[in-house]
There are 4 protein chains.
Amino acid sequence: MSGIRSKQKAERPEQILEAALDEFRKTGYGATRLEDIAKRIGVTKGTIYLYFESKEKLFESLITSLSAPLAQEFQENEWEWTDDIAADLDYILSRLYNFIFEHHKFRELLRLLVSEADRFPQFVDENYSEFIAPILQSLSKRFDAGIAAGQIEPTDTHELARFVVAPVLSLNIMSLLFGNRRAIDCDTFISTHRKVLLRGLLKPGAKEGEGGQSE
Amino acid sequence: MSGIRSKQKAERPEQILEAALDEFRKTGYGATRLEDIAKRIGVTKGTIYLYFESKEKLFESLITSLSAPLAQEFQENEWEWTDDIAADLDYILSRLYNFIFEHHKFRELLRLLVSEADRFPQFVDENYSEFIAPILQSLSKRFDAGIAAGQIEPTDTHELARFVVAPVLSLNIMSLLFGNRRAIDCDTFISTHRKVLLRGLLKPGAKEGEGGQSE
Amino acid sequence: MSGIRSKQKAERPEQILEAALDEFRKTGYGATRLEDIAKRIGVTKGTIYLYFESKEKLFESLITSLSAPLAQEFQENEWEWTDDIAADLDYILSRLYNFIFEHHKFRELLRLLVSEADRFPQFVDENYSEFIAPILQSLSKRFDAGIAAGQIEPTDTHELARFVVAPVLSLNIMSLLFGNRRAIDCDTFISTHRKVLLRGLLKPGAKEGEGGQSE
Amino acid sequence: MSGIRSKQKAERPEQILEAALDEFRKTGYGATRLEDIAKRIGVTKGTIYLYFESKEKLFESLITSLSAPLAQEFQENEWEWTDDIAADLDYILSRLYNFIFEHHKFRELLRLLVSEADRFPQFVDENYSEFIAPILQSLSKRFDAGIAAGQIEPTDTHELARFVVAPVLSLNIMSLLFGNRRAIDCDTFISTHRKVLLRGLLKPGAKEGEGGQSE
DNA sequence: TATGAATGAGAATTCATTCAT
DNA sequence: CATGAATGAATTCTCATTCAT
């Protein structure tokens, strides 16, 4: 309508995906109307069909467009380990948390995956293998090294990685649940996570009392 | 046709809610058709309207019917603390995890809350205050006592409680995401959780050095 | 709305098919709107979907409902031959033509088949094998007998049957094309058909000469 | 891109009509999309609107473009009669059949007319008066002469003409219905048509027995 | 209580048509 | 001349809801 048709055209798919994300998360896949997505960017329903052949395909494209760049970012930026396990743990946590809060879309991707997990299981699986599995892989390798170096108590390192990631996922869910109705004190949460991981939950003294004192 | 019928009639609301849960979680609130819910228990759409005045009210009743008894169970069964912090941590974890695995419905409640959080925020809040808040309250009280008794490193105990619960929530989400497609090794996860909380992630030696590698 | 729900219900499919026939022939398959079909019998679009799962299925059911009883009628009423070939020819023609004029729907079936032949070839084939083929079969048998009895000039009797039926088909098409805009003098057409078949087109004299003009 | 282009441009309307015929017959008027017509000749929808002001006008132009040259051909090539009625009948039949099978488009014109007869009755009428009527006129004139010359049994010659044309129409319909799924033995059909017309269906002997022998 | 036929508002989708480039 | 992005009205199809039985 303005004149810069071709420029707009190039950006349309992104625009639509952006708008679709907003609507899908607000309303859920089933209840979102394509018309609302269209309105959001000032076009009409029909326009969406120029770029996506159906609501379902739009949803699929959305999932892909959300996870692909995230996965890529993780794959491109190799984890850089030192031999200081504490520093590396700090690095792991800050990277995980930063990643989530830098990427507002990550949270929504998660919501969509949880909501529609039974209807689109392939997406869950894709995301797992492209996105979560590599993270767990990297972390468990570092932990293996840590164990070998006597920095870490021997344990199942893959499970340990899973456990290290878990609170991040959890924080994510919280922020999905409460949106901005309940300000979540992320910093404190993160710092708690860090503290517990770094130093353990219990005082040496209490711990010694616990089971054995050979420590 | 008569005896069984009348018995069933009394149970109709429960039957409907049960069926509604199955459908809502499979399809999401927006995309679930009342007819499918009805079919599941061998009645017709009209019957649902004898017990619930609309789809939305049905959903609300479902949330309530799911969370109320769970919250009640938690409220009735007071936490029973000892002065052995390690034993109490074990107790906390086993109670939290057992709760999830005993109550299949709990997981689905969570999914519904995540999926529909923006559309039904009141439910999220209700659940938080009736269900999650009390848990956090109880745990943080115990941790306060632990700190006072010198068992636990001083810290923000409410956040600590949140952090202790986080992996539980996380495991829950995982099982929502992967259903039974990806067998999650819950036992190992829980045991890792326990180990890390009880003894800390790092060896005393590594921990003392923190930045050094006297190891 | 009136009260005799169940009676109406039983008749609905027929009602709808009847209305569908009227609309499809008036407007063609592609351009017919389900709403118009519905209006014709005083119901709404939605009602049609209680009985037919899509527009296409409705069309398919229509074709079947049109051809099935016609084919059945032909199959049930065996052709009854005498040994008078002239009488039998009369009988054949009157039966073929009567059939067309008794069965208003037959004409429309043909139109639908011609119109949609490329889109629904299976229907054309079904109709051929269930409906046309048996007719040709019966006629050619009679002609075989006629040849054996020296009543008919030896010839390919299957083709002869096809040729005997052809003008009937042709008249049918004419009436489809002109509807009631151009009154077709069917009686004269039929009588011409009869005359030509019975006595041949040419005088014996001309015929005998075949290429000569003894006239 | 330039030389070929400009040549193509001059031919665009024809190209479009050609493509339109293919699509209309395949899909019917209502269900044909202009975009498909455009694609067929490698242009876009918009281009069609440079040459035809609407879909309906395009259809109208198509009918005209199909029937006009056919009618013209018939009008230009006067029927050339001899006084040999048999030869003339041969000539009539071969001309009619040749005409149909030379002109693939004739069949499709017929299909379109049958399909859309109720929506575009004017076309049916135009075609009748410009095309069919003259044929019937010519034939009936020849038959009149034949009767006057004692070659043909007195009869309604206009109806006779109609009847002579009928099997041709019929064959046409068959080929519309079965396309190339069911090879129609046209030659045999035509030869049967010819035989029956030329010599009559019945043997002289059988014929005499039939009703009267004053013949 | 329960049914299920019918409704009708509303959503997805299609496509003739327009128009800026 | 030609494009093809955009439109928006029209159409198919869905489903929560009603109500006569």
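Note: hydrogens, waters and symmetry copies are ignored here, and every other heavy atom, side chains too, is used. The chains referred to below are lettered A, B, ... by the order of the sequence lines, with proteins before strands, and numbering in each begins at 1.
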Requested in this report: For C:Arg111, check salt bridge (Lys or Arg N to Asp or Glu O under 4.0 Å) against everything at least two apart and list the hits.
Outcome: C:Glu108, D:Asp118

Query raised in the report: C:Ile16 has an atom CD1; how far is it from atom P of E:dT7, in whole Å?
Result: 10 Å

Requested in this report: May I have the distance from D:Ile48 (atom CD1) to E:dC19 (atom P), rounded to whole angstrom?
Outcome: 18 Å

Query - OP1 or OP2 of E:dA6 under 4.0 Å from side-chain N/O of C:Thr47 - result: no

Query - Rounded distance (Å) that lies between atom P of E:dT7 and atom NZ of C:Lys39 - result: 13 Å

**Report entry** Side-chain heavy atoms of C:Leu177 within contact of D:Asn127, under 4.5 Å
**Finding:** no

Query raised in the report: Of all the base pairs, Watson-Crick or G-U under 3.5 Å, which form stems of three or more consecutive pairs involving DNA chain E?
Result: E:2-21 with F:2-21

Query raised in the report: What residues form a ring-ring contact (aromatic ring centres under 6.0 Å, His included) with A:Phe106, not counting sequence neighbours?
Result: A:Phe99, A:Phe131

Query - Contacts of type ring-ring contact (aromatic ring centres under 6.0 Å, His included), residue D:Phe120, not counting sequence neighbours - result: D:Tyr29, D:Phe59, D:Phe123

Query raised in the report: CZ of A:Phe52 versus C1' of F:dA5: gap in Å, rounded?
Result: 15 Å

Query raised in the report: From the list F:dT3, E:dT1, E:dG4, which nucleotide is the closest neighbour of the side chain of D:Leu50?
Result: F:dT3

Report task. Measure from the side chain of B:Tyr51, starting at C-beta and using heavy atoms only, and say which of F:dA2, E:dG8, E:dA2 lies closest. Result -> E:dA2

Query raised in the report: Of all residues at least two apart in sequence or in a different chain, which pass the side chain to side chain donor-acceptor pair (under 3.5 Å) check with D:Glu126?
Result: none

**Report entry** Pairing residues for D:Arg107 by the side chain to side chain donor-acceptor pair (under 3.5 Å) criterion, not counting sequence neighbours
**Finding:** D:Ser175

Query raised in the report: More than 12 foreign heavy atoms under 6.0 Å from CD of D:Glu18: is that the case here?
Result: no

Query raised in the report: Quick one: what's the B/S/- string for nucleotides 12-17 of chain F, heavy-atom cutoff under 4.0 Å, read 5' to 3'?
Result: BBBSBB

Report summary line: With sequence neighbours left out, the residues meeting salt bridge (Lys or Arg N to Asp or Glu O under 4.0 Å) with B:Lys55 are none

Query raised in the report: For D:Leu58 and E:dC15, what is the distance between atoms CG and P respectively, to the nearest whole Å?
Result: 16 Å

Query raised in the report: B:Ile41 CD1 to E:dT1 P: how many Å, rounded?
Result: 14 Å

Review item, side-chain donor-acceptor pairs of residues 38-46 of chain C, under 3.5 Å, at least two apart:
{"from": "C:Arg40", "atom 1": "NE", "to": "C:Glu23", "atom 2": "OE2", "distance (Å)": "2.7"}
{"from": "C:Arg40", "atom 1": "NH1", "to": "C:Asp22", "atom 2": "OD2", "distance (Å)": "3.3"}
{"from": "C:Arg40", "atom 1": "NH2", "to": "C:Glu23", "atom 2": "OE2", "distance (Å)": "2.9"}

